Trainee: 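Please read through the structure below; I'll follow up with questions.
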Amino acid sequence: GDKWSTAFSALRLVTFLGVLLISLRTVTGDVTYSFSEEMKHGSIVGNIAKDIGLEVGKLSARKARIDADGNSKRYCDINLSTGDIIVADRIDREGLCGKKASCLLKQELVLENPLELHRINIQVQDVNDNSPQFKKNTIKFDIRESATKGSRYRLDEAHDADVGQNTIQAYSIEANENFRLNVVAKSGGGKYSELVLEKELDREQQQELAIVLVATDGGTPQRSGTAVIHVTVLDANDNAPLSWCVMHVLT
Ligand SMILES: *[C@@H]1O[C@H](CO)[C@@H](O)[C@H](O)[C@H]1NC(C)=O
Ligand SMILES: [Ca+2]
Ligand SMILES: [Ca+2]
Ligand SMILES: [Ca+2]
């Protein structure tokens with residue numbers, strides 16, 4: 001009936017407007033480049049004229065320019081005499097994509113007469129520009145000399161803003177008499193480490209220990225970060241009142 005034909009005309013209008021919008025924003029194929037973050041201003045990402053098959057001489061006449069795609073910033077520029085896409089603003093993978101394994105930066109090439117858009121996808125490659133870092137420079141433990149061999153002490157994790165091989169791959173401690181390091185892989189990815197008591201502590205011999213803890217990434221060149229583990233050895237007698245208390249409650 002009438003309702004149906006009205007609905008049908010409305011649908012046709014919407015479709016028509018949709019087609020009109022699409023044709024106004026003709027996107028003629030994407031161009032994808034793989035490019036490292038942190039390259040200096042003016043570095044060449046690729047040659048867009050060659051990649052879309054447009055004569056370099058036509059770039060100026062068609063007012064070729066780079067626009068940001070969506071709400072991203074404009075990171076690139078075009079050299080109208082060569083057709084090269086060049087870096088115009090710092091591309092920082094960490095700032096753009098954080099811990100995401102893949103980082104895609106979208107820009108757009110705009111040509112006029114007739115209007116034509118080419119999407120430029122830049123797959124931003126990580127560079128090892130961050131070192132592992134511990135939240136605190138010193139990690140403190142008070143350990144009683146009565147602590148038994150095999151006792152474990154979990155250490156703070158270090159953080160590295162890079163991804164993949166460029167993030168933390170290993171932890172180590174400097175050689176010492178009392179402790180070894182155990183590295184534990186977390187179920188959700190990442191690693192933490194713990195001190196394991198290998199030789200029991202003796203307060204008479206040593207009241208304090210300082211052991212350097214190192215976190216290293218797997219980048220080239222490799223980067224590392226350190227923290228110092230301070231162990232204060234407490235007298236075994238210090239826990240006497242506590243065990244007396246426990247005994248007292250138990251009896
Ligand atoms: C464009 O490229 C030419 C040739 O490499 C160079 O001489 C010129 O300085 C470049 N222009 C810009 C704006 O980068
Ligand atoms: Ca960076
Ligand atoms: Ca990085
Ligand atoms: Ca790193």
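Counting convention: from 1, in listed order, for ligands and their atoms alike. Treat the numbers as computed from the prediction; the structure is a model and nothing was measured.
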Trainee: If you consider just the N/O/S atoms, which atom of D162 is the closest one to the Ca ion (ligand 3)?
Mentor: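 The D162 atom nearest to the Ca ion (ligand 3), restricting to N, O or S, is OD1.
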
Trainee: Check all N, O or S atoms of E94 and name the one closest to the Ca ion (ligand 3).
Mentor: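 Per the distance ranking, E94 contributes OE2 as its closest N/O/S atom to the Ca ion (ligand 3).
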
Trainee: Have a look at E37 and say which of its N, O or S atoms is nearest the Ca ion (ligand 3).
Mentor: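 So the atom name we want here is OE2.
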
Trainee: Which distance, rounded to the nearest 0.5 Å, do you find between the CG of N47 and the CD1 of I52?
Mentor: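 These two atoms lie 9.5 Å from each other.
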
Trainee: For residues I85 and V31, determine if any side-chain heavy atom of one lies less than 4.5 Å from a side-chain heavy atom of the other.
Mentor: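 Not touching, per the 4.5 Å side-chain cut-off.
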
Trainee: Hey, is K199 close enough to D202 for a salt bridge, meaning N to O under 4.0 Å?
Mentor: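 Result for this pair is no, no salt bridge flagged.
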
Trainee: Between S146 and E200, is any pair of side-chain heavy atoms under 4.5 Å apart?
Mentor: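 No, every pair of side-chain atoms sits at 4.5 Å or beyond.
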
Trainee: Using only N, O or S atoms, tell me which atom of D160 is closest to the Ca ion (ligand 4).
Mentor: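 Going by distance to the Ca ion (ligand 4), the closest N, O or S atom in D160 is OD2.
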
Trainee: Looking at atom 5 (O) of ligand 1, what's its closest protein heavy atom, distance included?
Mentor: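 Sorting protein heavy atoms by distance from atom 5 (O) of ligand 1 puts T82 CG2, 4.0 Å first.
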
Trainee: Give a yes or no on whether A161 keeps an N, O or S atom under 3.0 Å from the Ca ion (ligand 3).
Mentor: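 Given the 3.0 Å cut-off, A161 does not count as a ligand of the Ca ion (ligand 3).
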
Trainee: Do protein heavy atoms approach atom 1 (C) of ligand 1 to less than 4.0 Å?
Mentor: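 It does: a protein heavy atom is found less than 4.0 Å away from atom 1 (C) of ligand 1.
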
Trainee: Side chains of E112 and R65: does their closest heavy-atom pair fall under 4.5 Å?
Mentor: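 E112 vs R65: side chains touch.
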
Trainee: In D129, what N, O or S atom is nearest to the Ca ion (ligand 3), if we give its atom name?
Mentor: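 Result: OD1.
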
Trainee: Any N/O/S atom, backbone or side chain, of N128 lying under 3.0 Å from the Ca ion (ligand 4)?
Mentor: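 A backbone or side-chain N, O or S atom of N128 is under 3.0 Å from the Ca ion (ligand 4).
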
Trainee: Find, among atoms of D126 that are N, O or S, the one nearest to the Ca ion (ligand 3), and state its name.
Mentor: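 Considering only N, O and S atoms, D126 comes nearest to the Ca ion (ligand 3) through OD1.
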
Trainee: Check each of N79, I86, L80, I44 against atom 11 (N) of ligand 1 and report the one with the nearest heavy atom.
Mentor: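 Nearest option to atom 11 (N) of ligand 1, by heavy atoms: N79.
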
Trainee: I need the minimum non-hydrogen distance between I78 and A64, along with the two atoms involved.
Mentor: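 Minimum heavy-atom contact is CG2-O, 3.9 Å.
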
Trainee: Does the pair R90/E38 count as a salt bridge with the N-to-O cut at 4.0 Å?
Mentor: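 Here R90 pairs with E38 in a salt bridge, since their nearest N and O are under 4.0 Å apart.
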
Trainee: Ignoring hydrogens and geometry beyond distance, is a side-chain donor-acceptor pair present between D217 and N166 at under 3.5 Å?
Mentor: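 N166 and D217 do not have a side-chain donor-acceptor pair below 3.5 Å.
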
Trainee: Mind reading off the angle at the Ca ion (ligand 4) between the OD2 atom of D217 and the O atom of N166, rounded to 10°?
Mentor: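 Result: 90°, to 10°.
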
